[in-house]
Amino acid sequence: MPFPDLSIPSDGQRIGLVDGTRIVPDRPFIPYILGDGIGTDVTPAMRTMVDAAVTKAYDGSRSIAWVEVFAGERAMDKRGEWLPAETLEAFTYYRVGIKGPLTTPVGGGIRSLNVAIRQRLDLYTNVRPVYWISGLPSPVRHPEHMDIVLFREATEDVYAGIEWQAGSQDAEKVLRFLRDEMGVDTLDVSGTGVGIKPISEMKTKRLMRSAIEYAQARGRKSVTLVHKGNIMKYTEGAFRDWGYELARDEFADTTVSEEALWKDHGGVAPNDAIVIKDRIADNMLQQLLTRTADYDVLALPNLNGDYLSDAAAAQVGGLGVAHGANIGDEVAVFEAVHGTAPKYAGQDKVNPMALTLSGVMMLEYLGWDDAATLVRNGIEAAVADGVVTYDLARQMDNATEVSCSGFAQAVVDRM
Ligand code: NAP
């Protein structure tokens, strides 16, 4: 066994990879991070629902060999560090995993464990589907119009962590370079913090490729590049230009730009081609509210993706249901969008739906669609019956409020 310090079920099998295709055995090892704070509540609830669905969908012939790996406070307790190499190696070796939320350590050289996991495993696409489950409370009149999938670049942009504090020697060195070598004469060298916003052609294009491939595989109608290219021309503007270029160069037969759609095709996509369009990020925030149904797959740089995905989630039930995945070429790690909500930790109170819907994405990624459908249907049925956790119950009439584990049981009962 490659990980002597982890507790690994003896009868599991490793997911294979042959010529880029995943080979999923009947009992794959799936490493998971329990998570800090409410991770100890939502992760076991997620496992209960996912395991029940897998057992039921395949009459017991398939199952998951869960392997706990450590990060965050639990890793500090057990291994004396926030993010042990063993954890990253296990995700890489076993190829598919899932994680609960993690506290961002104060000090210690790591800005965010989540960002570190994405960057070190090169999980460059953060995928966040946002759709409405009938019955969920919503602040808008037509939450059913929302059915989008965000592809957020996850390794560069201002999240790359290249920044210097105002007044530090390094900040002043960079500022002096900008002033003396680059002719930038509008900076206050002594009192300015500096961050770098790298956006590269290679990383933009691989993100856009994933977004278009996803749109093709799922019969989606459009991919929208969301950027602030009107202001940040060589980063966000380049993101837009490289996105269009990739579509033209690699998907000429199956995509059409919005401009060509109207100029050459009277507004009707030829041969069901995927329409490639772009929107400026501030406009996009309003379009999500006012023209929700016009949008389908979105491709975004890191920061825009962060803002937009939470704004979109708010329209269909909020953080308690927002789910996602971090996907690279060979490794995928699924996670909820929410954090550790420390004030609710260990109370068996919060909503496990977000992490469980991430589990649904994981099952689909494994090709176990029947199990994924069972979990999703179970959740929909529980919500339709008004059986929900506190966060949703407080916004619904006549709801039956249940605990975190109570919700998991309600879903299993309805599968
Ligand atoms: P948060 O943990 O997401 O919680 C904010 C609020 O959202 C909660 O107080 C609660 O609202 C609601 N909420 C979150 N998860 C919920 C759930 N499962 N069910 C129901 N309601 C839920 O955000 P935060 O307080 O800003 O961050 C706390 C810590 O988490 C920080 O250390 C942060 O760095 C970290 N974080 C981690 C991740 C991650 O691991 N992926 C993501 C974000 C933040 P009410 O109080 O209104 O009920």
Side-chain angles (χ1 to χ4, degrees), residues 32-47 49 69-76 82-83 87 91 97-108 110-121 123 126-128 133 136-137 139 150 152 154 159 161 302-303 305-307 309-311 313-314 316-327 333-359 361 379 382-383 387-396 399 401-408 410-411:
Y32 73 96
I33 295 170
L34 188 64
D36 298 325
I38 56 169
T40 56
D41 303 290
V42 295
T43 304
M46 174 278 295
R47 282 184 52 181
M49 291 181 258
V69 296
F70 303 100
E73 287 163 4
R74 237 168 122 72
M76 203 60 189
W82 292 103
L83 185 56
T87 296
F91 279 132
I98 189 162
K99 62 172 280 291
L102 294 171
T103 305
T104 298
V106 180
I110 295 185
R111 271 155 219 271
S112 153
L113 293 171
N114 303 299
V115 174
I117 289 171
R118 288 176 197 147
Q119 288 180 341
R120 295 197 198 161
L121 296 176
L123 305 175
N126 183 232
V127 185
R128 294 186 180 179
I133 292 176
L136 283 182
L150 293 101
R152 167 189 172 199
Y159 284 66
N302 212 334
L303 182 62
D306 203 359
Y307 292 155
S309 54
D310 276 25
V316 296
L319 271 183
V321 301
H323 53 289
N326 302 295
I327 298 184
V333 178
F334 295 79
E335 68 173 344
V337 172
H338 64 72
T340 57
K343 68 181 173 185
Y344 297 119
Q347 293 178 26
D348 192 17
K349 180 175 173 76
V350 294
N351 194 346
M353 214 187 281
L355 188 64
T356 307
L357 290 170
S358 308
M361 291 177 78
I379 288 176
V383 173
V387 179
V388 289
T389 46
Y390 84 97
D391 53 315
L392 301 175
R394 70 188 171 189
Q395 303 174 66
M396 291 163 68
E401 183 179 324
V402 288
S403 63
C404 179
S405 58
F407 182 77
V411 170

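Counting starts at 1 for both ligands and their atoms, in listed order.
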Residue selection (non-hydrogen contact nearest atom 1 (P) of ligand 1) among A71, P101, G39, G339: G339
Nearest protein heavy atom with distance in Å, relative to atom 25 (O) of ligand 1: P342 CD, 4.7 Å
Protein residue, atom and distance nearest to atom 10 (C) of ligand 1, heavy-atom basis: Y390 OH, 3.8 Å
Under 3.5 Å side-chain donor-acceptor pair for E335 and S358: no
R47 and I98, any side-chain heavy atoms less than 4.5 Å apart: no
Location of contacts on L319 toward ligand 1, heavy atoms closer than 4.0 Å: side chain
Min N/O separation V350 to ligand 1 under 3.5 Å: no
R152 charged N/C atom sitting above Y159 aromatic ring, 6.0 Å / 45°: yes
A341 N/O to ligand 1 N/O under 3.5 Å: yes
Atoms of ligand 1, numbered as shown, that sit under 4.0 Å from any heavy atom of L102: 35 (C), 36 (N), 37 (C), 39 (C), 40 (O)
From CA spacing to verdict: side-chain contact (heavy atoms from CB on, under 4.5 Å), R128, D310: CA-CA 10 Å; R128 294 186 180 179; D310 276 25; 3.9 Å; yes
Numbered atoms and elements of ligand 1 in range of E335, under 4.0 angstrom, heavy atoms: 41 (N)
Donor-acceptor side-chain pairing of T340 and D36 below 3.5 angstrom: no
Candidate with minimal heavy-atom separation from atom 33 (C) of ligand 1, of T104, L113, I117, L392: T104
Minimum-distance protein heavy atom relative to atom 14 (C) of ligand 1: H338 CB, 3.7 Å
Non-hydrogen side-chain atoms of V42 and C404 separated by less than 4.5 Å: yes
Protein contact for atom 12 (C) of ligand 1 (heavy atom, distance under 4.0 Å): no
Numbering as shown, the atoms of ligand 1 that approach R394 to under 4.0 Å (heavy-atom distance): 45 (P), 47 (O), 48 (O)
Atoms of ligand 1 close to N114 [distance to a heavy atom under 4.0 angstrom, numbered from 1]: 37 (C), 38 (C), 39 (C), 40 (O), 41 (N)
Derivation and outcome, side-chain contact (heavy atoms from CB on, under 4.5 Å), residues T40 and L34: CA-CA 6 Å; T40 56; L34 188 64; 3.9 Å; yes
Contact atoms of ligand 1, heavy-atom distance to K343 under 4.0 Å: 9 (O), 46 (O)
Contact bool for atom 30 (O) of ligand 1 (protein heavy atom, d < 4.0 Å): yes
Protein heavy-atom partner closest to atom 28 (C) of ligand 1 - residue, atom, separation in Å: T340 OG1, 3.6 Å
Reported CZ-to-CZ distance for the pair F91 and R120, which is rounded to 0.5 angstrom: 13.5 Å
Protein heavy atom at shortest distance from atom 18 (N) of ligand 1: N351 O, 2.9 Å
Sub-4.0 Å atoms of ligand 1 with respect to non-hydrogen atoms of I38: 15 (N), 18 (N)
4.0 Å heavy-atom contact, K99 with ligand 1: yes
D306 backbone acceptor or donor facing S309 side chain under 3.5 Å: yes
Donor-acceptor pair between K99 and N114 side chains, under 3.5 angstrom: yes
Heavy-atom pair of closest approach, residues A354 and L319: CB-O, 3.8 Å
Atom OH of Y307: over 12 foreign heavy atoms under 6.0 Å: no
Donor-acceptor contact present, side-chain N126 to main-chain A325, <3.5 Å: yes
Shortest protein contact, atom 45 (P) of ligand 1 (heavy atom only): Y344 OH, 3.5 Å
Heavy-atom protein contact below 4.0 Å for atom 6 (C) of ligand 1: no
